[in-house]
Amino acid sequence: MLSETNARCCDLLGDWRRSHHCAQLSSADTGYDVTLMGWVQFRRDHGGLIFIDLRDRHGLTQVVFNPAINAEAHERAHVLRSEFVLAVHGKVRLRPEGMRNPTLSTGEIEVDVHDWKLLNTANTPPFPIEDRVDISESTRLEYRYLDLRRPRCMHNLIFRHTATLAARNFLTSNDFLELETPILTRSTPEGARDFLVPSRLNSGNFYALPQSPQLFKQLYMISGLDRYYQIVRCFRDEDLRADRQPEFTQIDMELSFVDQSQVMDIAERMIRHIFYETLSVSLPDPFPRLTHAQAIADYGLDKPDIRFDMKLHDITDIVRHSNFRLFSSSPLVKALVLPQGAHLSRGEIDQLTDFVSIYGAKGLAWIKIKPTAWQSPIAKFFSEQERNALAQTLTLKNDDIVFFQAGDPDMVNNTLGYLRLELAQRTQVINQSSFQPVWITDFPLFEWDAAEKRWFARHHPFTSPQDGHDEFMATHPEQALAKAYDLVLNGYEIGGGSVRIHTVDMQNRMFNVLGISSEEAASKFGFLLRALQYGAPPHAGIAFGLDRLIMLMTGSSSIRDVIAFPKTQKAACLMTQAPSRVSTMQLRELGLKLREQAG
């Protein structure tokens, strides 16, 4: 039966043209002849009538095969199954009273089918094409083209388009030019691992895929194209997690003749525009700002989630002479109060102890504040004076629980910062529907790598020091602050930028601190150093992670949910089976031999 139907119906569309999409019709269209095309979502055979929910990217329309209207069309419709592709021609009519669906945009009407064409058949899909489906992510990624048919996935991609369009419209209206930068470029140090591409025409040499367009957008500024932007693909060979991918997209911007505040202002206005145009959400004006030092002091992290309070407290001076030796001997002791958290069981506290060990903590000290006594293995070590000082500083109330960390400042802040987020998730104190942006400024210019025993640029080696801080670069690099700024949204860094170095002298001084010799600088960055000698203007920029931004705006749990064809956490594409082996001939053309083939 199906083969006969295929033979009769799987012809070309001919003069059939789609008149409406599947979420377009309403009661106002009653009586009109229409032509719809899409996929079979559901099929219901009620004996005399066959009902099909026809789906396209816009939504659903119910179509009815009635033998009283076209007996032959009705008979052929018995072969229809989920995900078959159809074109139907018919007349719009109101659904009978009591049969209307107020939750569906087309729920008042249905289409009586006068004729139809089968455009293609479909195998039974490995999972239902609907949102409420319990299926592993690996199966979804293997059949990603089917996964994308699900309303949630399709909505995310459509939303991504809308947000990107809003960004483009805003930037274009503010005199920016959309300009491209090369994909095949040279490998440069001071970043994540590059993806390398061997050159066939230059045997033994390699291109690198760009981690960002950083140097090229600076060259645009030197070229006089003073407002650049690009929705650009970037590539980093780094360990992956929920908000990272080996290839990702940035909204990239660069401006000439501006200072830090001007870049932050226009970036902030763009983000507000995107939110209002896509979600009708009005973000704060202006965004709040925190220095890096303030963020670390209050939240432990340089990407704080400010949707809830629960700030950290430095109690080092209070416990400096405590009988608890760990506290009295540590360079930093901080406390975190969970209001009304004394109900936590010992088992739950043990789970939190295991959690903080991920961040290098050797344990987790705690005190439960009870009306009659402080309950904790460490409570006995505190004097009455110390208890009073803690109670006042931490504003302690009955049934609170206090968590402590002591030791190396980086470990203490990191541990309590992530513990704060974990406790907020467990106690559900975060308003998940809110968006709270915050600028982080005044970053350190450098950070010390103890393993390599040298300084690294905190952002990148083209970041300008703050005014007057160039004096610290050679003698006290740890004191130098950068003209750098990150935009954080709900605990995620969504964008970062800086004022760039625009003179050769300052760029060479930066390379000296980083241990980059003049020979290496000339080899790696000679083209930039030469360009800086030809009247480079003051310039600055910022880049936003589009995938991460869309993830937050759509309430998705992973950026894989907002990328059409993402990679797994092992950087593999389950759908195409990439990466894959290549032939010996291809390797030979590139002058390469795999190590296992050597000898």
Side-chain angles (χ1 to χ4, degrees), residues 38-41 55-57 81-85 120-161 163-164 183-184 192-198 207-211 231-250 492 545-587 590 592 594-597:
W39 288 261
V40 174
Q41 179 72 19
R55 184 195 77 242
D56 63 14
R57 74 176 172 94
R81 297 292 182 269
S82 174
E83 298 310 303
F84 279 26
V85 190
N120 213 340
T121 60
N123 293 337
T124 301
F127 49 84
I129 308 301
E130 54 189 74
D131 286 335
R132 295 186 300 272
V133 57
D134 185 15
I135 193 71
S136 69
E137 186 181 48
S138 60
T139 301
R140 288 175 49 211
L141 294 182
E142 182 180 356
Y143 296 93
R144 185 61 166 175
Y145 43 86
L146 297 179
D147 192 38
L148 292 178
R149 292 182 187 176
R150 297 192 304 121
R152 177 67 179 174
C153 291
M154 189 165 288
H155 167 268
N156 286 347
L157 292 189
I158 294 171
F159 184 93
R160 182 186 177 114
H161 158 76
T164 304
I183 294 297
L184 296 177
R193 295 185 189 90
D194 287 325
F195 282 103
L196 299 178
V197 180
Y207 300 105
L209 302 183
Q211 296 184 30
I231 312 296
V232 61
R233 300 290 282 176
C234 303
F235 308 85
R236 292 178 186 172
D237 187 7
E238 59 186 352
D239 295 334
L240 305 184
R241 57 192 186 203
D243 61 340
R244 281 184 180 173
Q245 281 280 289
E247 50 181 319
F248 56 96
T249 304
Q250 288 183 347
Y492 288 87
L546 179 63
D547 313 295
R548 195 175 292 177
L549 178 63
I550 301 302
M551 177 188 76
L552 294 171
M553 296 181 75
T554 58
S556 301
S557 58
S558 166
I559 62 171
R560 292 191 293 276
D561 292 335
V562 300
I563 297 174
F565 301 104
K567 306 293 191 294
T568 67
Q569 287 193 316
K570 292 187 176 180
C573 175
L574 300 181
M575 183 182 68
T576 63
Q577 298 299 302
S580 63
R581 297 280 182 154
V582 297
S583 69
T584 302
M585 179 177 294
Q586 287 175 288
L587 291 173
L590 295 169
L592 300 176
L594 297 181
R595 181 179 298 173
E596 61 195 53
Q597 297 175 347

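Here, residue 1 is the first one in the sequence, and each next residue gets the next number. What you see is a predicted model; the values in this text were computed from it and never measured.
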CG/Asp131: more than 12 non-hydrogen atoms of other groups inside 6.0 Å: yes

Full working for salt bridge (charged side-chain N to carboxylate O under 4.0 Å, His left out) between Arg193 and Glu238: CA-CA 6 Å; Arg193 295 185 189 90; Glu238 59 186 352; over 6 Å; no

Run the side-chain contact (heavy atoms from CB on, under 4.5 Å) test on Arg581 and Leu594 for me, step by step, so that the C-alpha distance in whole Å, both residues' side-chain angles and the decisive distance to 0.1 Å come before the verdict. CA-CA 10 Å; Arg581 297 280 182 154; Leu594 297 181; 3.2 Å; yes

Closest non-hydrogen contact found for Asp194 with Leu209 is OD1-O, 4.3 Å

Yes or no on side-chain contact (heavy atoms from CB on, under 4.5 Å) for Arg150 and Val133, after CA distance, side-chain angles and deciding distance? CA-CA 10 Å; Arg150 297 192 304 121; Val133 57; 3.8 Å; yes

With the threshold set at 4.0 Å, does a side-chain nitrogen-carboxylate oxygen contact exist between Arg149 and Glu83? yes

What are the two closest non-hydrogen atoms of Arg55 and Val40, and how far apart are they? NH1-O, 4.3 Å

Side chain to side chain donor-acceptor pair (under 3.5 Å), that's the test. Do Glu142 and Thr139 meet it? Break it down for me. CA-CA 5 Å; Glu142 182 180 356; Thr139 301; 5.3 Å; no

Do the side chains of Arg152 and Asp561 get close enough for a salt bridge, i.e. N-O under 4.0 angstrom? no

side-chain hydrogen bond (donor to acceptor under 3.5 Å, both in side chains) with Glu130: which residues, sequence neighbours excluded? none

Chi angles and distances behind the salt bridge (charged side-chain N to carboxylate O under 4.0 Å, His left out) call for Asp147, Arg140: CA-CA 6 Å; Asp147 192 38; Arg140 288 175 49 211; 3.1 Å; yes

Is any side-chain heavy atom of Leu196 less than 4.5 Å from a side-chain heavy atom of Tyr207? no

Is a side-chain N or O of Ser556 found less than 3.5 angstrom from the main chain of Ser558, in a donor-acceptor match? no

Value rounded to 0.5 Å, distance of CG in Leu157 from OG1 in Thr554: 10.0 Å

Enumerate donor-acceptor pairs with a distance under 3.5 Å from any side-chain N or O in residues 572-580 to protein atoms, sequence neighbours excluded.
unit_1, atom_1, unit_2, atom_2, d
Gln577, NE2, Leu574, O, 2.7

Side chain to side chain, Phe159 and Ile550, heavy atoms closer than 4.5 Å: yes

Ring-plane angle category for Tyr143 and Tyr145, please: parallel below 30°, perpendicular beyond 60°, tilted otherwise. perpendicular

Which heavy atom in Gln250 sits nearest to a heavy atom in Phe248, and how many Å separate them? NE2-CE1, 3.7 Å

Hey, does Leu148 have a side-chain heavy atom less than 4.5 Å from the side chain of Met154? no

Quick one: do Arg560 and Glu137 make a salt bridge, cutoff under 4.0 Å? yes

Closest non-hydrogen atoms of Gln245 and Ile563, given as atom of the first, atom of the second and distance, are CG-CD1, 3.7 Å

Minimum side-chain heavy-atom gap Pro210-Phe235 below 4.5 Å: yes

For the student: nearest non-hydrogen atoms of Cys234 and Gln211, plus distance: CB-O, 3.2 Å

Could you tell me whether a side-chain N or O of Asp547 sits under 3.5 Å from a main-chain N or O of Thr249, the two making a donor and an acceptor? yes

Can you tell me if Phe195 has over 12 outside heavy atoms packed within less than 6.0 Å of its CZ? yes

Side chains of Phe84 and Asn120: closer than 4.5 Å at any heavy-atom pair? no

Shortest non-hydrogen contact from Leu146 toward Ile129: O-CD1, 3.7 Å

